[in-house]
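Worksheet: the structure to be examined is printed underneath.
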Amino acid sequence: MSSTANIWAIGDVQGCCQSLNDLLAQPEIAGDPQAHFWFAGDLVNRGPDSLATLNRVIALGERCTAILGNHDLHLLGVAAGIKKPGKSDTFTDILNAPNADELIDWLRYRPLAHYAQGHLMVHAGVLPKWDVDKTLSLAAEIETALRSPNWKTNLKKMYGNDPAHWSDDFSRNKRFRVIINALTRMRMCNVHGHMDFTYKHAPVADERLMPWFDVPGRVILNDDVTIIFGHWSTLGLLVRPDAVCLDTGCIWGGQLTAMRLRDHKLVQVNCEQQQKPFEL
């Protein structure tokens with residue numbers, strides 16, 4: 001990628017291909033044919049066009065960096081036969097596609113974290129003790145496991161809520177679970193940086209819990225790095241020097257948001273509501 005090319009970071013699409021097409025057609029984006037795109041995970045599921053969305057992103061080729069979100073991993077789990085489809089899942093079109101194996105392989109080769117130009121993108125969050133190098137290194141452990149011929153067995157070991165904190169001494173399976181949960185599921189933590197998976201709404205003042213990006217003593221807070229993430233539609237758009245949330249609830253009838261890295265300019269399109277019940 002050219003160091004002068006603009007990068008647009010895009011929030012959770014979740015199978016809303018028409019909204020993605022509308023966003024990419026906006027003059028500031030469409031008028032920049034050299035632009036590159038970072039997708040913050042959850043390309044698929046819950047929306048009406050998971051297959052079309054995946055094909056649209058794949059067609060961007062080297063202009064695209066798409067990281068894995070929890071819904072993307074859920075699709076991999078169903079494809080691997082280790083998870084059952086949920087009642088709200090909408091990725092059957094991918095599983096039934098003639099080239100389903102190729103699509104699944106493309107997805108499992110995506111990163112879980114990506115860094116460039118002072119911006120670190122993950123789907124959900126970064127634990128407070130992790131710096132950029134640590135985050136990328138731990139993400140690479142999962143990426144290697146998913147790209148392995150034994151990826152189905154490896155993925156099976158990545159499910160579970162425990163442990164809820166990080167230790168360098170954890171065994172392989174515990175490491176996998178913490179890394180996956182932090183990068184793709186985390187929203188709230190306690191003051192010690194231990195993850196809580198029960199709270200999914202907008203953050204409120206609470207003595208016990210706080211957003212992961214407000215935990216005291218975060219390492220990256222002192223590194224002049226902006227963490228870009230999605231995953232948290234009830235939080236919505238958040239733009240501050242150290243943290244940017246781009247999940248603006250496209251699937252719920254909100255907006256699909258793109259942010260240009262060099263100046264944090266936002267481009268948004270309104271979305272039709274695709275998911276009626278409140279489910280995350």
Side-chain angles (χ1 to χ4, degrees), residues 1 7 9-17 20-21 24 36-86 88-116 121-124 135-160 172-173 175-177 179-185 229-231 251:
M1 183 188 74
I7 299 173
I10 298 175
D12 305 38
V13 181
Q14 292 198 241
C16 298
C17 190
L20 176 58
N21 287 335
L24 296 179
H36 287 243
F37 303 97
W38 290 7
F39 289 88
D42 282 1
L43 291 176
V44 303
N45 209 17
R46 301 293 174 82
D49 298 304
S50 288
L51 176 60
T53 299
L54 205 53
N55 284 329
R56 181 71 174 93
V57 173
I58 291 172
L60 292 170
E62 294 183 356
R63 298 175 65 198
C64 162
T65 297
I67 64 169
L68 290 171
N70 56 302
H71 282 283
D72 308 313
L73 288 171
H74 177 54
L75 168 58
L76 292 179
V78 173
I82 61 177
K83 297 283 285 184
K84 294 182 178 179
S88 300
D89 290 342
T90 61
F91 46 57
T92 305
D93 52 356
I94 295 174
L95 298 173
N96 291 339
N99 62 335
D101 289 345
E102 294 177 13
L103 295 171
I104 293 301
D105 283 348
W106 182 88
L107 199 60
R108 68 185 181 91
Y109 270 75
R110 297 311 98 198
L112 274 87
H114 185 68
Y115 177 77
M121 175 174 274
V122 298
H123 178 61
T135 302
L136 294 173
S137 175
L138 295 178
E141 293 186 24
I142 306 300
E143 293 158 12
T144 298
L146 289 177
R147 297 167 187 178
S148 163
N150 300 319
W151 71 274
K152 295 179 181 180
T153 301
N154 292 335
L155 184 59
K156 190 175 184 179
K157 299 173 182 177
M158 299 180 190
Y159 289 102
R172 183 173 185 262
N173 292 351
R175 292 173 71 89
F176 279 4
R177 289 196 294 273
I179 297 166
I180 283 283
N181 287 337
L183 296 180
T184 72
R185 296 181 59 211
F229 63 101
H231 185 59
I251 193 67

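Heavy-atom basis, side chains included; hydrogens, waters and symmetry copies ignored.
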Roughly how far, to the nearest 0.5 Å, is the [atom2] atom of [Y] from the [atom1] atom of [X]?
X	Y	atom1	atom2	result
L51	L103	CG	CG	6.5 Å
F176	N154	CZ	CG	5.5 Å
F39	L68	CZ	CG	13.5 Å
L112	I179	CG	CD1	9.0 Å
L60	N55	CG	CG	11.0 Å
D72	L107	CG	CG	5.0 Å

Between [X] and [Y], what is the shortest heavy-atom contact and its length?
X	Y	value
F37	I10	CD2-CD1, 3.9 Å
A139	L183	CB-CD1, 3.8 Å
A66	P111	O-CD, 3.4 Å
T135	A113	CG2-CB, 4.2 Å
I67	H123	CD1-N, 3.3 Å
A79	L95	CB-CD2, 3.9 Å

Could you check whether any side-chain heavy atom of [X] comes within less than 4.5 Å of a side-chain heavy atom of [Y], counting everything from C-beta outward?
X	Y	result
M158	L146	yes
H36	T65	no
L155	R108	no

_S148 (side chain) donor-acceptor with T144 (main chain) under 3.5 angstrom_ =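 Between the backbone of T144 and the side chain of S148 there is no qualifying donor-acceptor contact (under 3.5 Å).
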_Is it the case that the side chain of D49 and the backbone of C16 share a donor-acceptor pair, with hydrogens and angles ignored and the cut-off at 3.5 Å?_
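Checked: no pair found.
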*Only pairs at least two apart or in different chains count here, so list each salt bridge (charged side-chain N to carboxylate O under 4.0 Å, His left out) that has a residue in residues 135-160.*
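Every pair satisfying salt bridge (charged side-chain N to carboxylate O under 4.0 Å, His left out) with a residue in residues 135-160: E141-R175.
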*Please check if the distance between the ring centroids of F91 and H71 is under 6.0 Å.*
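When the ring centroids of F91 and H71 are compared, they turn out to be at least 6.0 Å apart.
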_Check against side chain to side chain contact (heavy atoms under 4.5 Å, CB included), W106 and V57_ = CA-CA 11 Å; W106 182 88; V57 173; 4.0 Å; yes
_side chain to side chain donor-acceptor pair (under 3.5 Å) partner of H231, the single match among D42, D12, N70_ =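 The single option meeting the side chain to side chain donor-acceptor pair (under 3.5 Å) with H231 is N70.
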*Should we count CG of N96 as having more than 12 external heavy atoms under 6.0 Å?*
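Enclosed: over 12 neighbouring heavy atoms sit under 6.0 Å from CG of N96.
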*Scan D93, D89, L75 and name whichever one has a side-chain contact (heavy atoms from CB on, under 4.5 Å) with S50.*
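Among D93, D89, L75, the one that satisfies the side-chain contact (heavy atoms from CB on, under 4.5 Å) with S50 is D93.
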